[in-house]
Amino acid sequence: MAKQGKLKTGVHRPLPHDSAAKHVSGEALYTDDLPEPPGLLHAAFGMSARPHARIVSLDLAPVRKAPGVVAVMAAGDVPGDNNCAPVMHDDPIFAGGLVEYVGQSIFAVAAGTVEQARRAARLARIEYEDLPAILTAEAALEAKTFVLPPHTMKRGEPKKAIAKAKHRLKGRIKVGGQDQFYLEGHIAMAVPGEDRDVTVYSSTQNPSEVQHLVAEALGLASNAVTLEIRRMGGAFGGKETQPALYACIAALLADKTGRPVKARVDRDDDMGMTGKRHDFVIDYDVGYDDKGRIKGIEFMQAARCGMSADLSAAIADRAMFHADNAYYLPAARIVSHRCKTNTVSNTAFRGFGGPQGMVGIEQVIDEIARDLGLDPLDVRRANLYGGTPGNRGRDVTPYHMTVEDNILPKLLDDLEKTSDYRARRREIDGYNATSPVLKRGIALTPVKFGISFTTSHLNQAGALIHVYTDGSVHLNHGGTEMGQGLFVKVAQVVAEEFQIDLDRIKITATNTGKVPNTSATAASSGSDMNGMAARAAARTIKERLTAFAADAFDCTKSEVVFQNNRVRVGRKTLSFKELVRAAYLGRVSLSATGYYRTPKIHYDRKKAAGRPFYYFAYGAAVTEAVIDTLTGEYRFPRVDILHDVGQSLNPAIDLGQIEGGFLQGLGWLTMEELYWNADGALATHAPSTYKIPTASDWPEAFDVRIFDRGRNREPTVHRSKAVGEPPLMLAISGFLAIKDALAAACGHQVSPPLDAPATPEAVLMTLEAMRARLGGGESLREAAE
Ligand code: MTE
Ligand code: MOS
């Protein structure tokens, strides 16, 4: 038989994002670009101006009379359930008698144009009776206001271990929140059908949940509502639960008027109305030995959840699951408080609480190293989970899961060498000794991130594949595309399975009518789960084709081989298309669903023990910072990253995720600052006041590598690993590099009391505080506390 060659567009190939060209040419259709149906109305929102108040009176008559207004709806007008909360039923679509944050939706208007709707929404006459407002996690801790009960994880006897340890330190670090700042803001368009059916185009990571919430709001069954989303212009967790509000409002107004309705918020309203990353207050108390090895530790994590629970239970849990990051904690207690505040309900953001948890332990390690005068890298290595000689037995997490796949010792060896960490540390010390104004710092931090939804039932996915008689393939699955490259990865998996070129596969919009009851595309598990589900569907069809071919051409099934767009059947070779056509004529079904659920995972939340994660993703980064001690400004001259993605499904996409994740993390920890004023209003509600990283923040030297020995120990799809979130946490190295430079500025005599984000302003103020302490003649140890 002639040589058939290898498929060029299957898995492990660095193929471009399927929509890359369309993204840059502007031809990619986002929800707002879809052709608008005739008679389309536009929605605008009436929002609370107070953080906590009773609504004494709500007069919407002037809104109704405004030009172009077709409908106005408020709490009493919802035919079904006035709720758009994902878990706890505590987020009303329209606030009734009580408002709990500035920006909360009170009513909505549908009018002929956006302008008319927005002008009308401002005409409402609302009288409030103010109630005391709690705005910060600290204030909530004091007042004991929580959205959910506290939760504890414990292993061993930390109190005793800390007391017995040779060294001990305590401290607090505050970690700020972050706006998702997707380029495409929230949007939904609802198109009514017959019998009150509705189709909703919604920019959501979670179509099934939005479908169910829209159905409940309308008082209809789920089968009356169809959700569709082709792609989002970025989501980053901000579109996991938050889209429901806009979808419900568009659907309610469409149902009421019988006309299509589009609900789209502008940037300022989007930032004010939608949840962000939780900011945290973290207290620690740790005991350790002369080598900096942790003997016992206690963490208190307080998360600002905002006015409702949203996903805070799972997010605060994930912060606890990552309070160890990559380190073995022989005795640990982690207590988590879920603080209720009169601010917008915080929600998912890339890393989902994990990053905040990790900042806590990385700060601890850094402080231990400073206290003992050791290189933080040596303290990190001394505390790593098992895998290095002498570390055997040191492999159980505070939630009693055994770490089986730790590759960090190897990965750190590699990165330490390629980044020239040791020599640069010496060189930097020399530089700092003679440079009066500029000070440099360096830090290497690892990441170990648990992959799976910690809510076990969410770990399931479905797919639907049709093969048409011309041999072309229609691919659909429950995952959503937000720029992360999920669709091309899943298509590569299907191409590999059928051994056909990628251009034979049509990637299609996520639609609840095709694949039902899906989970959000989140927890970085999109390609793990949808890749497997799609593979299962493809295999079903392939098995049917194989059985048909063996029968038709009188050979065994093992003699039917799919390879590079052709199928060998005994001694004959057909094109894929020829076989498909023959199978159709032979009355073989060419359509199949596929399903996957993640094996091995289990978790008993009451006991805080189990195996919540199928596996871990690992990586590490070395970041160098240089600060200007006169202005507090800084730059990152060099970043070296080594990240493990198992056997990459698509190295080009994965590199993009690593670079993007890192820079987004750096933005969170250094420049993005959310500020609420004393009246509870978000003052940083647009790019004018909220600074995110841009192309110019790309590090001057940026070496990003995929770990070439990566291979998932578990049989995931082609042994790949999830990549969406873990790289964000590599940026902790940037924060600690700034801290290292700050310490150098004071001759390594005072520990920098630096919280995140380390804005230039914060850097300068930290420096002043350190100098004041030094000048005040305090001892080193007092100054550090
Ligand atoms: N990458 C881009 N370009 N845009 C995004 O919105 N979201 C991140 C990550 N990478 C995001 C992204 C988040 S929060 C998650 S959970 C994953 O992608 C989700 O997709 P995956 O499971 O397919 O990796
Ligand atoms: Mo990502 S925060 O899990 O959507």
Side-chain angles (χ1 to χ4, degrees), residues 17-20 23 28 30 86 177-186 203-206 209 229 231-243 275-278 310-312 314-315 317-319 322 346-356 449-455 458-459 461 477-493 510 518-534 598 617 645-646 648-650 652-665 668 716-717 720-729:
H17 191 290
D18 51 280
S19 300
H23 287 157
Y30 296 88
Q178 185 179 24
D179 189 87
Q180 290 84 359
F181 221 102
Y182 25 66
L183 292 182
E184 176 208 34
H186 278 282
S203 184
T204 174
Q205 292 172 252
N206 201 348
E209 185 172 275
I229 167 70
R231 63 170 65 78
M232 286 162 276
F236 306 110
K239 294 175 182 170
E240 200 175 330
T241 60
Q242 309 292 296
K276 301 160 202 326
R277 185 188 293 289
H278 294 60
D310 188 77
L311 298 171
S312 291
I315 291 165
D317 279 7
R318 190 170 272 272
H322 291 84
N346 280 328
T347 193
F349 194 139
R350 206 171 196 173
F352 206 77
Q356 294 93 317
F449 192 75
I451 303 300
S452 292
F453 287 97
T454 58
T455 306
L458 296 176
N459 295 286
H477 54 79
T480 58
E481 177 65 45
M482 56 195 93
Q484 86 279 38
L486 172 64
F487 282 11
V488 70
K489 284 184 174 178
V490 176
Q492 282 174 269
V493 170
T510 317
T518 55
S519 297
T521 305
S524 302
S525 58
S527 53
D528 279 11
M529 297 205 307
N530 294 290
M532 281 301 228
T598 313
V645 293
S648 176
L649 284 175
N650 182 327
I653 295 287
D654 286 352
L655 272 178
Q657 286 291 295
I658 298 167
E659 292 167 353
F662 175 82
L663 283 172
Q664 192 167 42
W668 166 50
T716 50
V717 62
S720 62
K721 280 192 177 185
V723 69
E725 296 167 286
L728 182 128
M729 287 148 272

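We count residues from 1, following the sequence as given. Counting convention: from 1, in listed order, for ligands and their atoms alike.
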Would you mind listing which atoms of ligand 1 come within a distance below 4.0 Å of any non-hydrogen atom of A235?
5 (C), 6 (O)
Check A523 against ligand 2 and report side chain, backbone, both or neither, counting heavy atoms closer than 4.0 Å.
backbone
Using side-chain heavy atoms (C-beta onward) and a distance below 4.5 Å, is D654 in contact with K489?
yes
Is it the case that T454 and D317 place a side-chain donor and acceptor less than 3.5 Å from each other?
no
So is there a nitrogen or oxygen of R350 less than 3.5 Å from a nitrogen or oxygen in ligand 2?
no
Numbering as shown, the atoms of ligand 1 that approach S525 to under 4.0 Å (heavy-atom distance):
22 (O)
Atoms in ligand 2 with a heavy atom of F349 nearer than 4.0 Å:
2 (S)
Protein contact to atom 1 (Mo) of ligand 2 [nearest heavy atom, distance to 0.1 Å]:
E725 OE2, 3.6 Å
With the threshold set at under 4.0 angstrom, would you say G234 reaches ligand 1 through any of its heavy atoms?
yes
Within the 4.0 Å heavy-atom cut-off, what Q657 brings close to ligand 1 is side chain
For G483, counting its heavy atoms only, list the atoms of ligand 1 lying under 4.0 Å from any of them.
2 (C), 3 (N)
Could you tell me which atoms of ligand 1, counted from 1 in the order shown, lie closer than 4.0 angstrom to a heavy atom of A522?
16 (S)
Would you call the rings of H23 and H17 parallel, tilted or perpendicular, where under 30° means parallel and over 60° means perpendicular?
tilted
Does any N or O of ligand 1 fall below 3.5 Å from an N or O anywhere on G526, backbone included?
yes
Nearest neighbour of atom 18 (O) of ligand 1 from the list K239, E184, M232, Q484, on a heavy-atom basis:
Q484
